[in-house]
Amino acid sequence: TSSSPIATAELYDPLTGAFSPTGNMTWARGYHTATLLGDGRVLLIGGASDQTNAGSNTAEIYDPDTSSFVATGSMEVARLLHTATLLPNGTVLVTGGGSRAAEIYDPATNSFSVAGITEFDRSGHSATLLQNDKVIVVGGFDPQDVVSPFVTAELYQ
């Protein structure tokens, strides 16, 4: 089944329980990640950019102070069904979704850089920051073999 990526965005107000429009993203997206950065902005990366569900290497920042989206540096590879984990130093670890190359987004430079190679290219997995500041990457499936899920885990240090 293909989805229809959209460019519109909404904010949720927990006090009223209502959503309200907040502008348009730079690119239409589906199956992307949205990561809250330490300064209150939101990093949106990758995902399907059209109905073919091909991954995208695009990234943008949502600034709640201006209610606007601004393009930022691009990832090294296109991704969808990936993970993005905020690290204690304020950077974001991106894993899977189209590549074994893990990447780090640095909000100070608005750029991505390769941070290592994972054992598998995982999609639909989870990545969780542990109390020891390592990230455990678990499960998912090989994008080329969606029938056989991974029953493995690996640590990013």
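FYI, the numbering just counts along the sequence from 1.
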Could you check Thr91, Ile61, Val42 and say which one makes a side chain to side chain contact (heavy atoms under 4.5 Å, CB included) with Leu37? Ile61

From Arg100 atom CZ to Thr118 atom OG1, the distance as rounded to the nearest 0.5 Å: 6.0 Å

Residues at least two apart in sequence or cross-chain that pass side-chain contact (heavy atoms from CB on, under 4.5 Å) with His32, listed by chain then number, are Arg29, Leu44

Distance in Å, Thr33 OG1 paired with Leu81 CG, rounded so as to fall on 0.5 Å steps: 10.5 Å

Closest approach of Ala101 and Ile117, non-hydrogen atoms and distance? CA-CD1, 3.8 Å

If a pair satisfies ring-ring contact (aromatic ring centres under 6.0 Å, His included) and one of its residues is in residues 121-149, list it, with sequence neighbours excluded. none

Taking a hydrophobic cluster as the set of Ile, Leu, Val, Met, Phe, Trp and Tyr residues connected by side-chain heavy atoms closer than 4.5 Å, whether directly or through intermediates, do Tyr156 and Leu130 fall within one such cluster? no

Heavy-atom check, side chain of Asp121 versus side chain of Pro143, under 4.5 Å: yes

Pairwise side-chain contact, Arg122 with Phe150, heavy-atom cut-off 4.5 Å (strictly under): yes

Heavy-atom closest contact (Ala59 atom, Leu43 atom, distance): CB-CD1, 4.4 Å

How many angstroms lie between atom CG of Leu11 and atom OG1 of Thr22, to the nearest 0.5 angstrom? 4.0 Å

Separation of Ser113 OG from Asp106 CG (nearest 0.5 Å): 7.5 Å

If we ignore angles and hydrogens, is there a donor and acceptor under 3.5 Å between the side chains of Thr26 and Glu60? yes

Please name all residues satisfying side-chain contact (heavy atoms from CB on, under 4.5 Å) with Val77, sequence neighbours left out, ordered by chain then number. Arg79, Ser99, Glu103

Rounded to the nearest 0.5 Å, what separation is found between the CE atom of Met25 and the OG atom of Ser68? 13.5 Å

Could you grab the distance from atom CG of Asp142 to atom CZ of Phe120, nearest 0.5 Å is fine? 9.0 Å

Test your reading of the model: is there a side-chain donor-acceptor pair from Glu154 to the backbone of Glu119, 3.5 Å cut-off? yes

Where at least one partner belongs to residues 63-106, residue pairs that pass ring-ring contact (aromatic ring centres under 6.0 Å, His included), sequence neighbours excluded: Tyr62-Phe69, Tyr105-Phe112

Go through it in stages, so that I can follow the logic: the residues are Thr128 and Thr83, the test is side chain to side chain contact (heavy atoms under 4.5 Å, CB included), and I'd like the CA-CA distance, side-chain angles, deciding distance and then a yes or no. CA-CA 9 Å; Thr128 305; Thr83 58; over 6 Å; no

Pair Thr58, Ser56: side-chain N/O donor-acceptor within cut-off below 3.5 Å: yes

Grab the two heavy atoms, one from Leu93 and one from Leu87, that are nearest each other, plus how far apart they are. CB-CD1, 4.1 Å

Which residues satisfy the side-chain hydrogen bond (donor to acceptor under 3.5 Å, both in side chains) test with Asp65, sequence neighbours excluded? none

Hey, are the side chains of Ile45 and Asn57 touching, using non-hydrogen atoms and a 4.5 Å cut-off? no

Heavy atoms of Gly30 and Pro5 approach each other most closely as N-CB, 3.8 Å

State yes or no: do Val94 and Leu86 share one hydrophobic cluster built from I, L, V, M, F, W and Y residues joined by side-chain heavy-atom distances below 4.5 Å, directly or via other members? yes

How close do Pro107 and Asn110 get, heavy atom to heavy atom, and via which atoms? O-OD1, 3.5 Å

Partners of Asn132 by side-chain hydrogen bond (donor to acceptor under 3.5 Å, both in side chains), sequence neighbours excluded? none

Considering non-hydrogen atoms only, spot the tightest contact between Ala54 and Leu80 and give its length. C-CD2, 4.0 Å

